[in-house]
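Position 1 is the first residue of the sequence; numbering continues from there.
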Amino acid sequence: MTVQFSPRPTLQVHVAQTGECYACAGDESLLRGMLRLGRRGIPVGCVNGGCGVCKVRIVEGSVRALGPVSRAHVSADEEAQGYTLACRVAPTAAVRLEVAGRLVKPFSGASAIPARAHSPTTQPKET
């Protein structure tokens, strides 16, 4: 008898600032899935909600807590606005998030956000 394992179902997570999407299983943290993007400089920190480096705001979708989040990094008011730590939540539906705090830096480089089109240069007038 052969036992077949099906892959873990995943949900799509969309990073609002860059338009990037990644798959994240419902039993893994948003941060763990984010690391698969391969983006250099994503701060991992303590991975247990105590350091606050992986702060995000859930714009759409829903998540479930994997553990407590330090109030030193996410206040009750911020939590009410959708802020949490990516290391301490897992998706329960497709998610759209905004990176915040120290997590913004690796998502704000030239390769992360397409450069805006430059306005055409003006040519000097001939006299």
Side-chain angles (χ1 to χ4, degrees):
M1 180 167 120
T2 304
V3 177
Q4 293 186 348
F5 294 98
S6 61
R8 294 185 310 182
T10 59
L11 299 157
Q12 287 296 305
V13 179
H14 179 113
V15 180
Q17 287 98 324
T18 65
E20 292 171 286
C21 288
Y22 63 91
C24 190
D27 62 350
E28 75 177 331
S29 72
L30 293 177
L31 179 61
R32 177 125 355 247
M34 189 180 291
L35 292 172
R36 284 195 299 277
L37 285 172
R39 181 172 296 287
R40 295 179 62 186
I42 294 176
V44 176
C46 68
V47 196
N48 68 7
C51 73
V53 300
C54 61
K55 193 173 192 175
V56 297
R57 185 170 78 89
I58 306 301
V59 178
E60 292 176 11
S62 59
V63 295
R64 69 178 176 85
L66 296 173
V69 172
S70 170
R71 285 289 177 220
H73 303 296
V74 179
S75 69
D77 288 341
E78 287 177 315
E79 186 176 28
Q81 295 172 35
Y83 286 93
T84 189
L85 300 180
C87 70
R88 301 309 278 166
V89 295
T92 58
V95 169
R96 183 167 165 256
L97 62 81
E98 292 177 346
V99 293
R102 287 185 268 176
L103 191 55
V104 169
K105 188 174 180 180
F107 286 93
S108 62
S111 63
I113 300 174
R116 291 185 181 158
H118 296 284
S119 58
T121 57
T122 55
Q123 297 295 324
K125 292 181 182 179
E126 290 185 29
T127 56

| query | Looking at G50 and S70, what are the two nearest heavy atoms and their distance? | reply | CA-CB, 4.3 Å

| message | Restricting to non-hydrogen atoms, name the atom on C87 and the atom on G49 that form the minimum distance, rounded to 0.1 Å. | response | SG-N, 3.4 Å

| Could you give the distance from OG (S29) to CG (L85), rounded to the nearest 0.5 Å? | 10.5 Å

| ILVMFWY network linking V99 to I58, side-chain heavy atoms under 4.5 angstrom | yes

| Criterion side chain to side chain contact (heavy atoms under 4.5 Å, CB included) on L97 and T84, from CA distance to verdict | CA-CA 10 Å; L97 62 81; T84 189; over 6 Å; no

| message | Other residues, nucleotides and ligands only: do more than 12 of their heavy atoms fall within 6.0 Å of CZ on R40? | response | no

| request: Can you measure from CD (E28) to CZ (R36) and round to the nearest 0.5 angstrom? | output: 4.0 Å

| Is it the case that one hydrophobic cluster holds both V13 and V47, taking links as side-chain heavy atoms less than 4.5 Å apart, direct or via other members? | yes

| Test: E79 and R71 ion pair at under 4.0 Å | yes

| field | Hydrophobic cluster identity match, L31 and Y22, side-chain contacts under 4.5 Å | value | yes

| task | Over all heavy atoms of both residues, which pair between H14 and C21 is shortest? Give the atoms and the distance, please. | result | ND1-SG, 3.5 Å

| Side-chain heavy atoms under 4.5 angstrom apart, residues restricted to Ile, Leu, Val, Met, Phe, Trp, Tyr: same cluster for F107 and V95? | yes

| Could you give the distance from CZ (R8) to CG (D27), rounded to the nearest 0.5 Å? | 4.5 Å

| query | Of all heavy-atom pairs between P43 and L103, which one has the smallest distance, and what is that distance? | reply | CD-CD1, 3.5 Å

| query | Hey, does K55 have a side-chain heavy atom less than 4.5 Å from the side chain of R102? | reply | no

| request: Look at the side-chain heavy atoms of Ile, Leu, Val, Met, Phe, Trp and Tyr, link any pair under 4.5 Å apart, and say whether L66 and V44 land in one connected group. | output: no

| field | C46 SG to R88 CZ distance, which is reported to the nearest 0.5 Å | value | 8.0 Å

| remark: d(R96 CZ, R57 CZ) to nearest 0.5 Å is 8.5 Å

| message | Using 0.5 Å steps for rounding, measure from the NZ atom of K105 to the CZ atom of R39. | response | 13.5 Å

| remark: Closest heavy-atom pair, V89 versus A65, reported as atoms and distance to 0.1 Å, is CG1-CA, 4.3 Å

| More than 12 non-hydrogen atoms from neighbouring residues, nucleotides or ligands closer than 6.0 Å to CZ on R32, yes or no? | no

| said: Testing the basics here: between T92 and L11, what is the closest heavy-atom pair and its distance to 0.1 Å? | reply: C-CD1, 3.7 Å

